[in-house]
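Just so you know, ligand 1 is whichever comes first in the structure, and atom 1 is the first atom listed for that ligand.
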Amino acid sequence: AVTGSCSMVGMAGLTLGGGYGPLIGRFGLALDNLLAADVVLADGCLVTAERGRNEDLFWALRGGGGNFGVVTAMRIRLHKLRCVVSGALVYPFSEARDVLRRCADAARFAPDELTVQVVAGAGPDGTPVIMILPTWSGSRDEADTHVAPFLKLGTALSNTVETVRYGASVSVFDPAIVNGQSVFMETCLLPVLDEAGIDMLLKAMASAPSAGCSMITHEFKGAASRVPLDATAFGLRRDHVSIEILASFDDGAGAEEERRHRQWVRDAREAFASIALPGGYPNMLGEGEAARAAASFGQNSERLLRAKRLYDPGNVFRSAIPLPIVAEAR
Ligand SMILES: Cc1cc2nc3c(=O)[nH]c(=O)nc-3n(C[C@H](O)[C@H](O)[C@H](O)COP(=O)(O)OP(=O)(O)OC[C@H]3O[C@@H](n4cnc5c(N)ncnc54)[C@H](O)[C@@H]3O)c2cc1C
């Protein structure tokens, strides 16, 4: 199944709102692989949404999140893919600028089968590092050619890239997801991670208040970019890079820590504003960001709101994805 890059995230919310992951270039977003959904609507009816049946609902569910009903079952297109070549390459933060430049150059012309995630944050011992996570999902014979450029972006401190089952490849982030942490998250979309973007990322990381601050990129390319814009509610079908800005700190660390971390994610996101695309990845927007969500849905906003009025006129379902109509109703 086409998943996100983190095995612990639930498939329902991920799929209904988008689903950026390591197979995006080859098979699209998670929602591009949704074939049908059983949904309990606001009036209590159980319906199936798929091609040819409740098509407006099927269209709206693929990007509009949980704003339309409770999904009780999903039918998902599966792909034959035993293994991928994937892992983490850790580079010292002192080489960050060169590593990121070389990485962006190598990723720019990579085929659909290769996706690359970048993480700027603290390594296991708390020292800041740049982590590059390539995933090759094409033929094993071609893997070395396409992955090789990422192995020599700088002085690699460690390298876990190997042939692994796809499921294992998406557990790299699991150790970082622990209980007892508060997390603030902001998001923005860049057309490409170029020199200006790298500059902003490095400046933001330099002012991070703690080792709990990080930035993670997700690529959008290939098969996902080739889906027509009006095929699903997801509103951005062009190559881009989604940036996740995270600040985590221990629960109960106090109001001052909370304020510093909240301020940092906001400042970091605002720093990208001059080069960012409108909106943000809806699955990572929060309450009070209805205007940004509308910008993300772009020309699909109108049809999405029509579906909302049709399937949930009383606004029973208020998704984490803030539809403009939700803001109006509150
Ligand atoms: C640690 C972490 C890593 C992430 N990594 C990625 C990633 O790699 N790629 C990516 O694209 N996104 C990623 N995300 C964002 C993720 O897509 C969203 O947080 C998504 O909402 C998670 O869905 P969930 O079902 O786990 O969450 P939940 O909190 O359970 O649900 C979120 C919302 O989804 C809707 N929803 C969930 N289940 C249903 C249902 N059965 N019926 C109707 N609506 C439902 C509801 O509106 C709900 O409020 C990540 C998030 C986290 C916290």
Side-chain angles (χ1 to χ4, degrees), residues 1-25 27-34 36-42 46-49 57-58 60-76 86 115-119 121 133 135 166 169-179 181-187 189 212 214-221 224 232-234 236 240-248 265 280-287 289 293 296 308 311-312 315-323 326:
V2 172
T3 66
S5 54
C6 177
S7 74
M8 298 173 105
V9 179
M11 280 298 280
L14 177 105
T15 304
L16 299 176
Y20 291 62
L23 303 180
I24 194 166
F27 303 127
L29 286 165
L31 63 75
D32 295 323
N33 294 277
L34 182 66
D38 291 344
V39 190
V40 178
L41 297 175
L46 173 64
V47 300
T48 298
L57 180 60
F58 185 47
L61 283 176
R62 289 172 295 158
N67 284 296
F68 301 91
V70 179
V71 172
T72 56
M74 298 195 299
R75 192 148 57 84
I76 288 172
S86 183
T115 55
V116 183
Q117 263 194 299
V118 172
V119 180
L133 299 111
T135 298
Y166 177 68
S169 77
V170 289
S171 57
V172 171
F173 291 110
D174 290 359
I177 299 167
V178 291
N179 288 333
Q181 295 272 298
S182 297
V183 184
F184 290 116
M185 176 166 66
E186 288 275 351
T187 182
L189 306 171
S214 61
M215 293 206 200
I216 303 178
T217 67
H218 297 261
E219 283 187 297
F220 188 102
K221 61 184 274 191
T232 70
F234 195 84
L236 187 62
H240 63 265
V241 177
S242 163
I243 310 241
E244 211 178 310
I245 305 162
L246 296 163
S248 60
V265 290
Y281 173 31
N283 251 350
M284 291 183 183
L285 295 177
E287 283 199 37
E289 295 196 285
S296 315
K308 177 73 174 169
Y311 289 100
D312 182 21
N315 197 25
V316 171
F317 298 106
R318 296 175 180 195
S319 168
I321 296 177
L323 286 191
V326 175

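Using a 4.0 Å cutoff on heavy atoms, Ser242 does not count as a contact of ligand 1. Heavy atoms of Phe68 come nearer than 4.0 angstrom to ligand 1 in no pair at all. Using a 4.0 Å cutoff on heavy atoms, Gly18 does not count as a contact of ligand 1.
Remark: the backbone N or O of Val178 is not paired with any side-chain donor or acceptor of Gln181 at under 3.5 angstrom. The closest donor-acceptor contact from the side chain of Thr15 to the backbone of Leu31 lies at 3.5 Å or more, if one exists at all.
Among protein heavy atoms, the minimum distance from atom 2 (C) of ligand 1 is reached at Val9 CG2, 3.6 Å. Among all protein heavy atoms, the one lying closest to atom 33 (C) of ligand 1 is Ala320 CB, 4.3 Å. Taking atom 39 (C) of ligand 1 as the reference point, the nearest protein heavy-atom neighbour is Ala12 CB, 3.8 Å.
The shortest N/O to N/O separation between Glu244 and ligand 1 does not fall below 3.5 Å. The shortest N or O to N or O distance between Gly10 and ligand 1 is under 3.5 Å. In terms of N/O distances under 3.5 Å, ligand 1 is not approached by Gly65. Of the polar atoms of Leu16, none of the N or O atoms is found under 3.5 Å from an N or O of ligand 1, judged by distance alone.
Neither the backbone nor the side chain of Val39 comes within contact range of ligand 1; no heavy atom lies under 4.0 Å. At a heavy-atom cutoff of 4.0 Å, ligand 1 is contacted by no atom of Met11, backbone or side chain. Neither the backbone nor the side chain of Met8 comes within 4.0 Å of ligand 1, counting heavy atoms alone. Residue-level proximity to ligand 1 for Tyr281 is carried by the side chain, the only part with a heavy atom below 4.0 angstrom.
For atom 7 (C) of ligand 1, the choice among Arg318, Gln117, His218, Met284 with the nearest heavy atom turns out to be His218. Nearest to atom 36 (N) of ligand 1 by heavy atom, out of Gly4, Ser319, Gly13, is Gly13. The option with the heavy atom closest to atom 44 (N) of ligand 1, from among Gly66, Gly19, Ala73, is Gly66.
Thr135 pairs with exactly one of Ser5, Ser86, Ser169 by the side chain to side chain donor-acceptor pair (under 3.5 Å) rule, that one being Ser86.
Between the side chains of Asp32 and Thr232, no donor N or O sits under 3.5 Å from an acceptor N or O.
Protein heavy atoms come within 4.0 Å of atom 14 (N) of ligand 1.
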